[in-house]
Amino acid sequence: METLKLNGDVKDIALAEKGKRRIEWANQHMPVLQLIRKRFIKEQPLKGIRVSACLHVTSETANLAIALRDGGADVVLCASNPLSTQDEVAASLLKDYNIPTYAIKGEDNATYYAHITAALDHAPHITMDDGADLVTQLLTKRTELIKNVIGGTEETTTGVIRLRAMAKDGTLKFPVIAVNDALTKHFFDNRYGTGQSTLDGVIRATNLLLAGLRVVVAGYGWCGRGVAMRAKGHGADVIVTEINPTKAIEAVMDGFRVMPMTEAAKIGDIFITVTGNKSVIAHDHFQNMKDGAVVSNSGHFNVEIDIPALEKLSSGKREVRPFVDEYVMKDGRKLYLLGDGRLINLAAAEGHPASVMDMSFANQAVAAEYMVKNAKELKAQVYPVPEHLDQQIAKLKLESMGFQIDKLTPEQEHYLASWSEGT
Ligand SMILES: NC(=O)c1ccc[n+]([C@@H]2O[C@H](COP(=O)([O-])OP(=O)(O)OC[C@H]3O[C@@H](n4cnc5c(N)ncnc54)[C@H](O)[C@@H]3O)[C@@H](O)[C@H]2O)c1
């Protein structure tokens with residue numbers, strides 16, 4: 001199939017110079033991806049491979065796209081969220097790096113899907129997703145493209161859950177590597193990246209002092225642990241809500257108060273959902289919230305907060321600051337929703353710091369390479385990143401940070417491999 005002539009759709013190409021500086025700054029903090037890019041330039045493992053990537057269009061993603069391009073791939077990029085695009089980065093990708101990019105911060109739903117369609121027009125061999133929107137469109141609306149695809153990669157928990165459901169009912173038609181499940185991804189990105197950047201988003205949007213406030217974190221998974229840990233570090237009184245008893249007991253042992261959302265709703269000052277679930281904050285919770293409560297989400301989709309219920313309960317809404325909407329309840333209370341309930345770390349801040357994305361995107365790059373080499377042996381299932389690649393990324397990261405670790409001695413190797421030792 002002929003590749004279509006691709007252009008791109010960005011807010012303002014004149015922003016490119018600022019974007020280039022941001023991309024170069026991020027690159028400084030992505031040593032592992034830099035090493036992979038150097039190897040890619042030499043080995044050209046992606047030569048002739050068309051990649052359609054639907055990722056948050058940030059300076060870190062730009063460095064991934066450049067590494068893939070330098071590895072021989074023909075890359076196009078579109079946004080995986082209407083609010084997360086850095087417009088200057090999108091402009092620079094198009095102008096300075098010749099990578100067709102379809103992403104405008106604040107794009108409406110129709111434009112968001114038109115951009116995904118444009119990225120699919122590239123007839124990808126490899127799909128890269130963050131939330132599985134690209135693959136979902138491909139498998140449901142663009143089935144004529146399936147035959148070109150050798151495989152895909154998926155960046156986040158929610159996307160992996162969707163893809164596993166597709167694999168189970170036979171909808172998935174090609175193998176996908178769950179980059180999210182690599183230890184060097186979720187251990188760091190979800191926990192430390194989401195932890196720091198979510199609070200950054202809440203603080204930038206509101207300029208509230210967290211010390212002394214009650215911060216309710218819904219979900220104590222990888223992201224929730226990070227958010228709770230960092231909120232505690234700011235001096236907040238952190239309350240955790242969970243549905244999983246093991247995670248809940250972990251939160252208790254980590255020193256947090258645990259209670260159902262119905263109780264937390266009455267006392268929380270700031271709410272942050274990170275569950276990957278829907279309607280975690282819903283009608284009855286809004287009814288019980290204090291005047292002035294701030295509600296935000298850092299989970300993948302904007303369904304964690306039941307916004308239609310909030311709208312129904314309110315008599316009016318106005319923007320009081322960028323990313324802060326004030327809802328006046330019929331009883332006079334005011335509740336504040338941040339960033340339209342979308343990932344607040346990307347909407348109001350800059351997403352994860354580059355040094356965290358370094359490991360996530362190193363995984364993406366080696367996963368794409370692995371897919372090109374091994375797709376023929378893989379079924380239409382969701383696969384983990386092979387452990388040796390995960391370990392290799394951890395090793396490179398440690399080295400780049402100037403840390404060294406011990407090696408097993410032959411005696412220790414024998415000891416660990418033998419059941420008869422230790423008696
Ligand atoms: N903001 C970001 O930059 C970013 C980064 C990585 C992941 N994510 C997204 O964040 C979400 C969470 O990811 P994760 O890796 O922490 O997942 P996870 O599976 O490790 O954790 C989710 C937790 O939420 C809990 N949960 C589910 N429903 C709940 C409910 N109704 N009330 C309270 N708790 C509930 C689960 O028991 C689980 O412990 C996903 O949507 C993921 O895609 C966002």
Side-chain angles (χ1 to χ4, degrees), residues 54-58 60-61 80-81 83-84 129-133 154-164 178-202 216-230 239-252 254 256 258-265 268 271-282 284-285 296-306 338-339 341-354 356-357 359-361 363-364:
C54 179
L55 301 168
H56 299 294
V57 180
T58 63
E60 295 80 20
T61 305
S80 60
N81 182 296
L83 274 186
S84 61
D129 255 309
D130 189 326
D133 279 350
E154 169 54 53
E155 172 77 8
T156 199
T157 316
T158 287
V160 172
I161 291 170
R162 289 175 94 188
L163 289 162
R164 290 223 165 94
V179 167
N180 180 72
D181 295 356
L183 286 180
T184 45
K185 199 278 181 181
H186 65 257
F187 231 71
F188 300 92
D189 173 317
N190 299 29
R191 183 164 44 171
Y192 300 109
T194 313
Q196 176 171 310
S197 62
T198 297
L199 292 187
D200 186 16
V202 170
V216 178
V217 179
Y220 203 66
W222 289 103
C223 294
R225 288 181 187 108
V227 173
M229 176 189 1
R230 294 306 180 223
I239 295 166
V240 168
T241 72
E242 251 298 342
I243 46 122
N244 176 320
T246 325
K247 303 275 178 65
I249 191 77
E250 187 185 349
V252 171
D254 285 345
F256 300 111
V258 172
M259 63 183 78
M261 185 56 87
T262 38
E263 294 306 310
F271 295 80
I272 304 170
T273 55
V274 258
T275 67
N277 205 343
K278 69 181 290 200
S279 301
V280 176
I281 298 183
D284 292 358
H285 305 128
S296 66
N297 167 53
S298 208
H300 190 78
F301 286 118
N302 64 339
V303 296
E304 302 214 10
I305 300 165
D306 186 352
L338 304 189
R342 296 189 189 277
L343 301 139
I344 193 59
N345 60 335
L346 283 149
E350 295 173 56
H352 296 163
V356 168
M357 295 317 291
M359 280 189 287
S360 303
F361 286 162
N363 274 294
Q364 284 282 8

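All ligand and atom numbering here is 1-based and tracks the order in the structure.
Under a 3.5 Å cut-off, the side chain of Thr241 and the backbone N or O of Met261 do not form any donor-acceptor pair. Under a 3.5 Å cut-off, the side chain of Ser296 and the backbone N or O of Phe271 do form a donor-acceptor pair. A donor-acceptor pair under 3.5 Å is formed between the side chain of Ser197 and the backbone N or O of Gly193. Distance alone, capped at 3.5 Å, is enough to place a donor-acceptor pair between the His285 side chain and the Ala282 backbone. A donor-acceptor pair is defined here as one N or O able to donate and one able to accept, closer than 3.5 Å; no such pair exists between the side chain of Gln196 and the backbone of Thr198. Although no hydrogens or angles enter the test, the distance criterion places no donor-acceptor pair under 3.5 Å between the side chain of Asn244 and the main chain of Ala248.
Between Asp189 and ligand 1, no pair of N/O atoms sits closer than 3.5 Å. For ligand 1, the polar-atom distance check finds no N/O of Glu304 at less than 3.5 Å from any of the ligand's N/O atoms. The shortest N/O to N/O separation between Cys223 and ligand 1 falls below 3.5 Å. Some N or O of Ser298 is nearer than 3.5 Å to an N or O of ligand 1, by distance alone. Annotation: Thr157 places an N or O atom under 3.5 Å from an N or O atom of ligand 1; distance criterion only.
If you check the side chains of Tyr220 and Asp254, you find a donor sitting under 3.5 Å from an acceptor. For the residue pair His300/Thr158, the side-chain donor-acceptor check at 3.5 Å is not satisfied.
If you number the atoms of ligand 1 from 1 as listed, the ones under 4.0 Å from a heavy atom of Asn190 come out as 6 (C), 7 (C), 15 (O). Taking a cut-off of under 4.0 Å to the non-hydrogen atoms of Lys247, the atoms of ligand 1 that pass are 38 (C), 39 (O). Applying the 4.0 Å criterion to heavy atoms of Gly299 picks out, from ligand 1, the atoms 9 (C), 10 (O), 11 (C), 41 (O). Close approach of ligand 1 to Val274 (heavy-atom distance below 4.0 Å) involves ligand atoms 12 (C), 22 (C). Atoms of ligand 1 found under 4.0 Å from any heavy atom of Gly276, numbered from 1 in the order shown, are 11 (C), 40 (C), 41 (O). For ligand 1 and Asn244, the ligand atoms under 4.0 Å from any heavy atom of the residue are 37 (O). For ligand 1, the atoms sitting less than 4.0 Å from at least one non-hydrogen atom of Thr241 are 33 (C), 34 (N), numbered in the order shown with element in parentheses. Listed by atom number, the atoms of ligand 1 under 4.0 Å from Leu343 heavy atoms are 1 (N), 2 (C), 44 (C).
Nearest protein heavy-atom contact of atom 22 (C) of ligand 1 is Thr275 O, 3.5 Å. At the shortest separation from atom 18 (P) of ligand 1 among protein heavy atoms lies Gly221 CA, 3.9 Å. In terms of protein heavy-atom proximity, atom 38 (C) of ligand 1 is nearest to Glu242 OE2, 3.4 Å. Summary of contacts: the protein heavy atom closest to atom 9 (C) of ligand 1 is His300 N, 3.6 Å. Protein heavy atom in closest approach to atom 2 (C) of ligand 1: Asn345 ND2, 3.4 Å. With respect to atom 5 (C) of ligand 1, the closest heavy atom belonging to the protein is Thr194 OG1, 3.1 Å.
Electrostatic pairing of Arg164 and Asp181 counts as a salt bridge here, judged by a charged N lying under 4.0 Å from a carboxylate O. In this structure, Arg162 does not pair ionically with Glu154, as no charged nitrogen and carboxylate oxygen lie closer than 4.0 Å.
Contact annotation: for Thr158 versus ligand 1, heavy atoms closer than 4.0 Å belong to both the backbone and the side chain. Contacts with ligand 1 closer than 4.0 Å are made by side-chain heavy atoms of His352 only, the backbone lying farther away.
For the pair Arg191 and Phe188, the cation does not sit on the ring face, since its NZ or CZ is not both under 6.0 Å from the ring centre and inside 45° of the axis.
When all heavy atoms are compared, the tightest approach of Ser80 to Asp133 is O-OD2, 4.5 Å.
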